[in-house]
4 protein chains.
Amino acid sequence: MATETDTDVDTDTSPDTGTGIRADAARPRAQRPRADALRNRERIVSAAREMFVESGPEVPLDEIARRAGVGNATLYRHFPDRTELVRHVVVSVMSRAADRARAAIAEEADPFDALRRFVHAAADERIGALCPMLADGFDKEHPELLAERERLEGAVDSLMRRARRAGRLRDDVAVGDLLVALSQLTRPLPGSACMNFDQFVHRHLQLFLDGLEAPARSALPGTPATWEGLRRES
Amino acid sequence: MATETDTDVDTDTSPDTGTGIRADAARPRAQRPRADALRNRERIVSAAREMFVESGPEVPLDEIARRAGVGNATLYRHFPDRTELVRHVVVSVMSRAADRARAAIAEEADPFDALRRFVHAAADERIGALCPMLADGFDKEHPELLAERERLEGAVDSLMRRARRAGRLRDDVAVGDLLVALSQLTRPLPGSACMNFDQFVHRHLQLFLDGLEAPARSALPGTPATWEGLRRES
Amino acid sequence: MATETDTDVDTDTSPDTGTGIRADAARPRAQRPRADALRNRERIVSAAREMFVESGPEVPLDEIARRAGVGNATLYRHFPDRTELVRHVVVSVMSRAADRARAAIAEEADPFDALRRFVHAAADERIGALCPMLADGFDKEHPELLAERERLEGAVDSLMRRARRAGRLRDDVAVGDLLVALSQLTRPLPGSACMNFDQFVHRHLQLFLDGLEAPARSALPGTPATWEGLRRES
Amino acid sequence: MATETDTDVDTDTSPDTGTGIRADAARPRAQRPRADALRNRERIVSAAREMFVESGPEVPLDEIARRAGVGNATLYRHFPDRTELVRHVVVSVMSRAADRARAAIAEEADPFDALRRFVHAAADERIGALCPMLADGFDKEHPELLAERERLEGAVDSLMRRARRAGRLRDDVAVGDLLVALSQLTRPLPGSACMNFDQFVHRHLQLFLDGLEAPARSALPGTPATWEGLRRES
DNA sequence: TATGAATGAGGGTTCATTCAT
DNA sequence: TATGAATGAACCCTCATTCAT
């Protein structure tokens, strides 16, 4: 495992916080963020992730604030509008998924097993909450997002290249195919805190993974998917 | 093709309208439905399907009315509340998908090719719009729905049995697995009239189909999915 | 009984239709109203009276049409807008109340008993439905109304004069006092088809009648009430 | 005056605010109600009382908000739906009426004069606004209401018992008869800010009071009225 | 800073009235 | 003529966002 060289991600699995605010928190700044402010911030992102998953992306922000145990205005202090909050949740999920990918690389001997492990782990991390990324009006190029996305795509790309080199992954799929399909298959059902759903999701992921395995059983139409490719032309 | 007997659906491909109001329209009744009223009704369902796909199931009903070219109150005359309209769209989509399944059975010689054809055709029919069925608060047992659902599931079940008997479909998947995953993979992205998305969707469907093909490349966790299985326990 | 002369109303109790359209119906006109049109008209007024009493004066006109067993547009053919319908109901109620007053004069030997009888009979005729007359925006001077109002007021005035001459009715009350208070005390409770209410109403009317009886037990403030006196100055 | 003992209400006339929120405002609580919020709340109730009287209980809530000088959503923050607002107005009116009853007991020497004074004072307090209590769909048993109703009925009952013991009030009337008839006679005329109406109302009240006076001039039909007796049987 | 309160814009729905069969 | 259907204006209510404590 992890015998490759140059292009591979480093497999350091040092625990990222997964909040996407690491850098800011670590670096001392002019107005040092108070400890309770930081805690509030994390509680808000965390509550938002849960509620987006449970109740859909249209959930009232007041509900998120209540779940987080803060006043609504506190939420607005940290995230001036809804899109900011959504972006931070997306970044947070990406970060955690990237961590899982790295862990899979580091700890799984068989490259395709590593891929399988990542896919199921990403589902547990609610990677389906990334679906807003695909939606209209979301700034897919926001700097804060780009960094984390590269980290995630880098890690997944690494997973895929390893599997491909081992002859276990078909040649005609790219990192975007995996991530988009993965998001869709695990995309939460609005309004339902549906416990049963998870179990089905893992079945579908398993079927999808079987379809990814080499040798390819059919020719794929079109070209590999990427986030950028999803831009509308209108 | 269609050499099976008893349990199979009849493969009559007489063109259903797919609107789910066929019966009512055809049968003369006490209060004859006016011609223009019927036309309005279909235009509303059609506009709703498009807008649900393009903009998500939360689209303002006024927008649907505008798109349909009628006043908002006309929409309410036909569908007293949002859930009614959603249900009719779901029924309509199911009906068209069932038609596609039957056509695939009737016209494709190879059973797995028939399955493939259905899956891609269902995507074109926007079967992803069935996702509200999975959401909370949707009456999955409404009589009008049940009838059409049985027709769809019957047809898809037939497709799958044929493929399975021909040794082309793995044994451990049920009709619910296919339909739920199919809905998820083709589920529209709210707010994006994303032309590019379709092309990726067909890639993912192809991958998923490859995973469905026999022989199974892995063991599936859990039990086969069904709409009923998605009920919450709360 | 009915021994008075000049100023008294004639006590002919020939059965008025009470619809307030007698005159029109009897006199042949250019476009003779068809029999079914007349029947519809009466059914509408009748349904309206019932529903105003049961459900308040804001009841949807469609409901009235349904209760009358006609289409909504038929209602509008007969009564171009709500105020017209209300006026016809008011006229109808006035007419029936006037009939009751005349009958009381003709059939009751004791003048105060005649007054009592009228008051309770008017309650049964839902004279409380006259309350819209008191409300803003109602044309109290509409010709069609004036005629019937004079008939009612004439009859009630006669009742009161008889009682007063017999020394049974206090001197300081006028016909308006009686009719306005009577309307208020019998005014229906919106939204309640309250069977119990009637029984209380007759108690209160009885108390009010006792207050009307001579000799007066107190001095009344202000001046006698009339419909005209209720005009707003704004 | 107030020579009776045990069962009588205490005749403390300390000025209640009559808003029905006294207790909450006085007692310091966990979430201290802000001063301006309290002021807004009272302004809303006050505006609502005025507009219910002027324009009927169907007035648009937006108008009430405008009259109160607040945004519409502020109204909804304080009173989640129309029924809540109506109930608070009813409670407020009851409270003020009860205060007037107590004051009459305390300050009038003659028991029947006390009753007269209360009746006219209650009219000035717009006790006719209690009519929604009689209407369908109003929760007559709401706890907040029950307390104030008991206070009102207790005070009025005391007034009546005193008058009865003094031989001034007929024996066959109960507190419900007085309050229901009083509500009806003073019931506002929808849509009319009718200044003249008040003057007539006091005449009618005077007549009604004369009917209440002993000795009874007639036998009353039925049984004494109560709020409970007005429940529908459906 | 954290918060409860306030707000205006917008969506859902009803209903008086008009239109077309 | 009688009617079902269509319509827009108005109302109720919610929620993202701003304000004031």
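Proteins come first, then strands; the chains are lettered A, B, ... in the order of their sequence lines, and each starts at number 1. Side chains included, hydrogens not; waters and symmetry mates left out as well; all remaining heavy atoms used.
R82(B) pairs by the side-chain hydrogen bond (donor to acceptor under 3.5 Å, both in side chains) definition with nothing, not counting sequence neighbours. For E63(D), the salt bridge (charged side-chain N to carboxylate O under 4.0 Å, His left out) test picks out R66(D), with sequence neighbours left out. Residues forming a ring pair (Phe, Tyr, Trp, His ring centres under 6.0 Å) with F79(A) (at least two apart in sequence, or on another chain): H88(A). Scored by the salt bridge (charged side-chain N to carboxylate O under 4.0 Å, His left out) test, E84(C) finds R87(C) as partners (sequence neighbours excluded). For R187(C), there are no salt bridge (charged side-chain N to carboxylate O under 4.0 Å, His left out) partners two or more places apart in sequence or in a different chain. Not a single ring pair (Phe, Tyr, Trp, His ring centres under 6.0 Å) links Y76(A) to another residue, sequence neighbours left out. Scanning for salt bridge (charged side-chain N to carboxylate O under 4.0 Å, His left out) contacts around R43(B) gives an empty result, with sequence neighbours left out. Residues meeting the side-chain hydrogen bond (donor to acceptor under 3.5 Å, both in side chains) test with D62(B), sequence neighbours left out: none. Judged as a side-chain hydrogen bond (donor to acceptor under 3.5 Å, both in side chains), and not counting sequence neighbours, S46(B) has no contacts.
Looking at DNA chain F, the stems built from 3 or more consecutive Watson-Crick or G-U wobble pairs, each pair with its key distances under 3.5 Å, are E:2-21 with F:2-21.
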- request: Tell me, with the steps shown, if D139(B) and L145(B) meet side-chain contact (heavy atoms from CB on, under 4.5 Å).
  value: CA-CA 9 Å; D139(B) 178 8; L145(B) 188 71; over 6 Å; no
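Atom P of nucleotide dT13(E) and atom CG of L85(B) are separated by 11 Å, given to the nearest angstrom. Between the C1' atom of dG4(E) and the CZ atom of R39(D) lies a distance of 15 Å, rounded to the nearest Å. In this entry the distance linking CD1 of I44(A) with C1' of dA16(F) reads 15 Å, nearest Å. Note: CZ (F79(B)) to P (dT13(E)) measures 14 Å, nearest angstrom. Here dT1(E) presents its P atom at 13 Å from CZ of R41(A), a figure rounded to the nearest Å.
Near DNA chain E, meaning a heavy atom under 4.0 Å away, the residues from residues 67-78 of chain A are V70(A), G71(A), N72(A), A73(A), T74(A), R77(A). Contact check of residues 58-66 of chain C against DNA chain F (heavy atom, cut-off under 4.0 Å) returns no residues at all.
Between E54(C) and the choices R49(C), R126(C), R67(C), the salt bridge (charged side-chain N to carboxylate O under 4.0 Å, His left out) rule is met once, by R67(C).
Phosphate contact (OP1/OP2 of dG12(E), side-chain N/O of R82(B), threshold under 4.0 Å): present. Regarding contacts with the backbone of dA6(E), a side-chain N or O of N40(D) is found under 4.0 angstrom from either OP1 or OP2.
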